[in-house]
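We count residues from 1, following the sequence as given. As the structure is a computational prediction, the values presented were derived from the model and not from experiment.
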Amino acid sequence: RHTLTERDKSILIVEDDPHFARSLLEYARKKGYKGIVAVRGDEGLALAGQYRPTGILLDIQLPVMSGWEVMDALK
């Protein structure tokens with residue numbers, strides 16, 4: 001996260017299952033993306049605004065703020 005530059009391709013992974021989040025992160029890295037992981041919807045929304053990732057992988061059932069709510073806020 002702290003080494004991201006504007007030129008990097010990045011993926012925000014918003015997933016509350018740590019094992020699945022790690023798998024997604026490893027896959028993203030293999031495809032040349034730097035990954036940012038959040039385990040709650042509200043964290044994911046904040047990180048999306050802060051880092052402006054190239055793409056977002058968003059779980060629907062998340063603590064604090066659902067994936068649907070995150071998606072609505074991002075629109």
Side-chain angles (χ1 to χ4, degrees):
R1 223 180 258 196
H2 304 292
T3 63
L4 280 176
T5 67
E6 290 182 14
R7 302 180 85 178
D8 290 328
K9 295 189 311 181
S10 62
I11 294 289
L12 172 61
I13 300 165
V14 188
E15 172 61 58
D16 62 337
D17 177 339
H19 299 291
F20 189 54
R22 181 163 302 283
S23 295
L24 292 171
L25 179 60
E26 289 172 9
Y27 184 77
R29 286 178 176 163
K30 286 179 186 175
K31 295 297 181 180
Y33 290 86
K34 289 191 176 182
I36 306 161
V37 177
V39 295
R40 296 186 343 223
D42 60 326
E43 283 180 338
L45 184 59
L47 291 171
Q50 180 179 355
Y51 290 101
R52 311 292 262 174
T54 305
I56 300 174
L57 299 174
L58 179 62
D59 188 9
I60 297 301
Q61 295 180 344
L62 295 165
V64 181
M65 185 179 203
S66 77
W68 294 115
E69 292 170 310
V70 172
M71 199 174 349
D72 284 341
L74 289 170
K75 289 180 186 177

Original post:
Side chain of Thr54, backbone of Ser10: donor and acceptor closer than 3.5 Å?
Top reply: yes
Original post:
Between Glu43 (side chain) and Val39 (backbone), is there a donor-acceptor pair under 3.5 Å?
Top reply: yes
State the [atom1]-[atom2] distance between [X] and [Y], to the nearest 0.5 angstrom.
X	Y	atom1	atom2	result
Lys9	Leu4	NZ	CG	13.0 Å
Glu15	Gln61	CD	CD	10.0 Å
Met65	Leu45	CE	CG	5.0 Å
Asp42	Leu47	CG	CG	9.5 Å

Subject >> Among Leu12, Asp8, Ile11, side-chain contact (heavy atoms from CB on, under 4.5 Å) partner for Pro53 >> reply: Leu12
Determine, using the 4.5 Å side-chain heavy-atom cutoff (strictly less than), whether [X] and [Y] are members of one ILVMFWY cluster.
X	Y	answer
Ile56	Ile36	yes
Ile13	Leu74	no
Ile60	Leu57	no

Subject >> Val70 vs Leu58, side chain to side chain contact (heavy atoms under 4.5 Å, CB included): CA-CA, chis, key distance, verdict >> reply: CA-CA 9 Å; Val70 172; Leu58 179 62; 4.1 Å; yes
**OP:** Please name the pair of heavy atoms, one in Ala21 and one in Val37, separated by the smallest distance, quoted to 0.1 Å.
**Re:** CB-CG1, 4.1 Å
